[in-house]
Structure formats: C-alpha cells, structure tokens
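Working notes, beginning with the structure itself.
Along the sequence shown, residues are numbered consecutively beginning with 1.
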Amino acid sequence: IKASKGIPDEIVKNTRVKLGSSISGIAAKEGRSFLLDGSGVENRLKPYLQRPQISSAMVIPLKIEDKVVGVLNIGALNTSTVRFFPHNLKLMNRLLDLAALAIHS
C-alpha cells in the first residue's frame with residue numbers, strides 16, 4: 001500500500017497482496033476493474049468480501065502500456081450515503097488511464 005486514507009497504519013505497513021489472490025490481486029492479474037455494490041458481485045469474488053463496514057466499492061487496475069503497475073481501491077462505508085454505480089467505475093477507469101499517461105510521460 002503506497003497511499004491510503006482511513007486505514008490503520010499497521011495494516012498499511014504489513015499488507016501484501018499476491019497476484020491473483022484477493023479482489024485487488026485478481027484485478028491486477030486480469031487487468032480489469034470490479035464494482036462491488038452488494039448486488040451482482042461475481043461468485044468468485046464473494047469469499048473476499050470480508051469488510052461488512054464497506055457497502056460500495058470500486059477496484060481499478062492502473063496500467064502503463066498494458067502492464068498493471070498498481071490497483072486503486074475506493075470504498076464507501078455503510079455510514080456514508082455514497083454508492084458507486086457503473087458510470088462511476090467507467091469514469092474512474094478513464095481517470096486512471098489519464099493518470100497512467102501522466103506518470104509514464
């Protein structure tokens with residue numbers, strides 16, 4: 001974890017995600033984004049949904065020249081009125097594409 005907000009320091013320091021394990025690991029391995037909104041979540045992802053305090057989330061790989069170099073996770077807590085929808089995921093994918101261009105330039 002290179003940057004975070006709202007995650008305890010101990011988790012930031014000690015968390016390592018293997019390629020293909022966890023939702024972030026699957027997103028990195030496959031190079032695809034996921035919308036986790038409580039409905040329509042792929043069965044293979046359900047075992048990784050272990051944070052009941054998060055009601056809506058997006059997991060988006062950051063790609064530079066078709067190579068995944070990171071994964072952005074954005075989550076909304078149950079106490080928030082924020083919910084993510086397909087159009088939010090599409091917008092974040094486009095934003096990360098632009099960020100990748102800026103990083104790579």
Side-chain angles (χ1 to χ4, degrees):
I1 300 175
K2 296 289 184 188
S4 68
K5 181 178 179 185
I7 300 174
D9 288 339
E10 188 68 22
I11 292 174
V12 172
K13 290 178 188 175
N14 297 318
T15 299
R16 301 294 175 264
V17 176
K18 293 181 182 179
L19 198 60
S21 68
S22 78
I23 297 172
S24 293
I26 293 169
K29 183 176 182 179
E30 296 181 6
R32 66 180 276 233
S33 301
F34 295 104
L35 177 64
L36 309 170
D37 65 356
S39 64
V41 174
E42 294 180 30
N43 285 335
R44 68 189 175 124
L45 302 179
K46 288 181 181 179
Y48 300 110
L49 298 175
Q50 299 174 358
R51 295 185 187 161
Q53 71 275 23
I54 296 177
S55 60
S56 187
M58 296 183 286
V59 179
I60 308 138
L62 174 63
K63 300 177 193 175
I64 296 179
E65 294 183 353
D66 293 325
K67 179 182 178 189
V68 176
V69 296
V71 177
L72 175 66
N73 294 280
I74 304 171
L77 298 175
N78 288 331
T79 55
S80 171
T81 58
V82 173
R83 296 296 176 265
F84 300 116
F85 299 96
H87 69 274
N88 301 117
L89 186 64
K90 183 177 180 179
L91 181 64
M92 288 306 299
N93 273 295
R94 295 181 82 190
L95 181 61
L96 280 189
D97 287 345
L98 291 173
L101 285 173
I103 291 167
H104 188 63
S105 298

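- In this structure, L77 is not a member of the same hydrophobic cluster as I23, with clusters built from ILVMFWY side-chain heavy atoms closer than 4.5 Å.
- K63 and A100 get closest at one heavy-atom pair: O-CB, 2.9 Å.
- When all heavy atoms of T15 and I1 are compared, the closest pair comes out as CB-CD1, 3.9 Å.
- Both L95 and L62 are members of a single hydrophobic cluster when ILVMFWY side chains are connected at heavy-atom separations under 4.5 Å.
- Atom CZ of R44 has more than 12 heavy atoms from other residues, nucleotides or ligands within 6.0 Å.
- When all heavy atoms of G20 and I26 are compared, the closest pair comes out as O-CG1, 3.5 Å.
- The two residues V59 and A27 come nearest to each other via the heavy atoms CG1-CB, 3.8 Å.
- Counting heavy atoms from C-beta on, the side chains of I60 and L89 come closer than 4.5 Å.
- At distances below 3.5 Å, at least one donor-acceptor pair connects side-chain atoms of R83 with backbone N or O atoms of S80.
- The number of heavy-atom neighbours closer than 6.0 Å to CD of E42, taken from other residues, nucleotides and ligands shown, is above 12.
- Taking CD1 from I74 and OG from S56, the interatomic distance works out to 10.5 Å, rounded to the nearest 0.5 Å.
- Here the CE atom belonging to M58 is positioned 9.5 Å from the CG atom belonging to L96, to the nearest 0.5 angstrom.
- Note on L36: it does not cluster hydrophobically with V82, by side-chain heavy-atom contacts below 4.5 Å among ILVMFWY residues.
- The distance from the OH atom of Y48 to the OG atom of S24 is 11.0 Å, given to the nearest 0.5 Å.
- Between S33 and N93, the shortest heavy-atom distance links the atoms OG-OD1, 2.7 Å.
- Two different hydrophobic clusters hold V17 and V68 under the rule that ILVMFWY side chains link at heavy-atom gaps under 4.5 Å.
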Derivation of the side-chain contact (heavy atoms from CB on, under 4.5 Å) call for I54 and L49: CA-CA 9 Å; I54 296 177; L49 298 175; over 6 Å; no

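- V41 and F34 fall within the same hydrophobic cluster, defined by Ile, Leu, Val, Met, Phe, Trp and Tyr side-chain heavy atoms under 4.5 Å apart, directly or through other members.
- Looking at D37, its side chain never comes within 3.5 Å of a backbone N or O of F84 through a donor-acceptor pair.
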